[in-house]
Amino acid sequence: MEEAVISQEGTEEIYYPPPDVVSQAHIKDYQSLYEESIRDPQAFWEARARELEWYREWDQVLDDSSPPFFKWFTGARTNIVHNALDRHVKTYRKNKLALIWEGETGETRTFSYFALHREVCKFANVLRSMGVKKGDIVTIYMPRIPEMVIAMLACAKIGAPHSVVYGGFSVEALAERIEDAESRVLITADGGYMRGKTVGLKDIADEAMARQPTIESCIVARRTGQEIYMEPGRDYWYHELMSLPITNNSCQTEEMDSEDPVFILYTSGTTGRPKGVVHTHGGYMVHIYATLKYVFDLKDEDRWWCAADPGWITGHSYIVYGPLILGATSFMYEGAPNYPYPNRWWRMVENYGITVLYTAPTAIRGLMRYGDAWVRRHDLSSLRLLGSVGEPINPEAWRWYYSVVGRENCPIMDTWWQTETGGFVITPLPVTPLKPGSATRPFFGIEVDVVNEQGESAPPGEEGYLVIKTPFPGMMRTIYKDPERFKTQYWSKFPGMYQTGDSARKDKDGYIWVIGRMDDVIKGSGYRRGPAEVESALVSHPAVAEAAAIGLPHDLKGNAIHAFVILRQGVEPSDKLAEELRAHVGHEMGPIARPEDIKFVDSLPKTRSGKIMRRVLRARALGQPEGDLTTIEE
Ligand code: PRX
């Protein structure tokens, strides 16, 4: 195999794809197809939609009569699970592996398309027998085990949108998502494994259900076998329900309208409670199908590993739905990347012959620090492409990933997208010349830009707001129960443009360089967290009067959460109290929201209307100029 060419243009590094990657690529010429797709985006998406199965075809590809509420493939009938499972079991794929899973404790479980389809049918029958109907939102709170994938697919199959709450969240985060979704059914597990320890998910679920008594039935998968409380009449074991005679293997897939919601996924914004981002059966399905097919060139013989958690959008789109729609084999691993040793991932790549690995910069940096030897002792020659997502990848991590993991043979697809966009928006293709740290160019049918405060296109090199200018099928439809917030949050700053919340620059070649969040959203370890959630967890502690949370740069995590706390009168600050507050946030929100550091302060910078000026806190912490302070009231 020939090595990729590395050229220097001035100070710029450009990496060209190896010839065999080019020769196998679905798309060989990005530019001409991109231009064509922008002249007629609907034709591009319609052609992709025709590659999938529909119960009834659409009357209209795009209904843009009431922006920003765009609708795709209106009048069509389909179900994402029909395309992910039903259609494959009628072909040779019946015997193909759909899912390979490895537990942190070392065991492997595999599911052919036939087996996964059967388990999904059975569990869908369980849900129906419990009274779950089309339109009911089911909350899923599980560790990274196959039952989670089965649960998600079973919900979609019967037209019940799922709301997956990441297993690293805790009591309050789970309770408020159950409340917003008004879920009556919760699917969880006794516990999960993480770094050799068990996490008691059912205990957390019990506390959340006590706060949110709308849950009538709770289904519990057995994973760790730890002692848990089972409430008679409310809690049921997954394995017991699955062996009941009513759960036979045949289950009719619900015919859905193209625009019916397939799931709701909560994500953090700057203010207030998490937003329930709504995605649909039709448009979302077409978008993730087309992006995964072209960006990672997935083929039948591939073994694809998206090392995210199904509880985040990356997992929804590219562990569960995308690979299955493409009929690929998806690998999923339960636990920590460095457990029991830092070669865990590389051993699995070798053992399972993984061909494409897609992960986050924070994981790459985390594994990089153990040195090359852990990687080099494994034969990773099965890999042909690599991927990155979640935050900008620093060139140092990019180069390590490229040279040590990819042996300078695997182009890195740095994909920029969001929970809101459902799938990739800015991304290379395997044939794209790469510049480390740039997600390169927009995907087909989508126009993006960097604009200044007035909404005018910024010249190359100038930092500005990253916006999207064309509707596309995977774009969120609304915020659940809050269409007004959808409009104001994303579509009000620049008329006719979707505001991503990120800042970016374009370069002279039209490559996009995403810099980071422009708002107060904190992106750390690939997780997205809102300051308001951390602050409200802090204020729920009796010692705290007021709190502010910000993100500050961190070598490994990208950003880490730092909190500033004003104590109630009479409470004395101490290291012990700071530790107690960090633990309290961990208990309420989950370990992923635990602040790195807590500082006790007497006042917080606020605007005259009482809003905390987090940018001022950030500037002070970094020793930078504090900017415009005309609105401050301190
Ligand atoms: O700031 C961008 C960053 O992640 C944000 C979206 O977060 P979330 O909804 O959790 O989705 C993450 C997985 C799709 C974006 O607004 N982000 C995501 N991918 C990249 C990125 N920043 C730079 N480069 C990326 N490739």
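Starting from 1, each residue takes its place in the sequence as its number. When a ligand or atom number is given, it counts from 1 through the structure's own listing order. It should be emphasised that the depicted structure is a prediction, and the values quoted were computed from it without experimental measurement.
- Considering all non-hydrogen atoms of both residues, Thr359 and Ala363 come closest at OG1-CB, 3.5 Å.
- Heavy-atom separations between Pro392 and ligand 1 include at least one value shorter than 4.0 Å.
- Distances from atom 10 (O) of ligand 1 to the heavy atoms of Glu391, Lys523, Glu420 put Lys523 nearest.
- For Pro395, the side-chain contact (heavy atoms from CB on, under 4.5 Å) partners are Arg399, Pro436, not counting sequence neighbours.
- Contact annotation: for Thr415 versus ligand 1, heavy atoms closer than 4.0 Å belong to the backbone alone.
- Arg177 forms a cation-pi arrangement with Phe169, by the criterion of a distance under 6.0 Å to the ring centre and an angle within 45° of the ring axis.
- In this structure, Gly501 has no heavy atom closer than 4.0 Å to ligand 1.
- Annotation: Trp312 is in aromatic contact with Tyr166 [ring centroid separation under 6.0 Å].
- Every residue two or more places apart in sequence or in another chain that forms a ring-ring contact (aromatic ring centres under 6.0 Å, His included) with Tyr30 is listed here: Tyr34, Phe444.
- Met152 pairs in a side-chain contact (heavy atoms from CB on, under 4.5 Å) with only one of the listed residues (Val164, Ile187, Ile319, Val81), which is Val164.
- Here the heavy atom of the protein found nearest to atom 13 (C) of ligand 1 is Thr314 OG1, 3.4 Å.
- Heavy-atom proximity to Val514, at under 4.0 Å, picks out these atoms of ligand 1: 22 (N), 23 (C).
- Those atoms of ligand 1 with a heavy atom of Arg528 less than 4.0 angstrom away are 6 (C), 7 (O), 8 (P), 9 (O), 10 (O).
- Between Ser388 and ligand 1, not a single N/O pair is under 3.5 Å apart.
- When hydrogens are left out, the protein atom nearest atom 6 (C) of ligand 1 is Trp417 O, 3.6 Å; that is the closest non-hydrogen contact.
- Note: an N/O pair closer than 3.5 Å links Gln418 and ligand 1 by distance alone.
- At least one N or O atom of Gly390, backbone or side chain, sits closer than 3.5 Å to an N or O atom of ligand 1.
- In terms of heavy-atom proximity, Ile561 sits nearest to Ala549 at CG2-CB, 4.3 Å.
- Atom 1 (O) of ligand 1 has its nearest heavy-atom neighbour, among Thr419, Thr427, Asp502, Val425, in Asp502.
- The residue from Thr500, Thr440, Asp502, Thr427 that alone fulfils the side chain to side chain donor-acceptor pair (under 3.5 Å) condition with Trp416 is Asp502.
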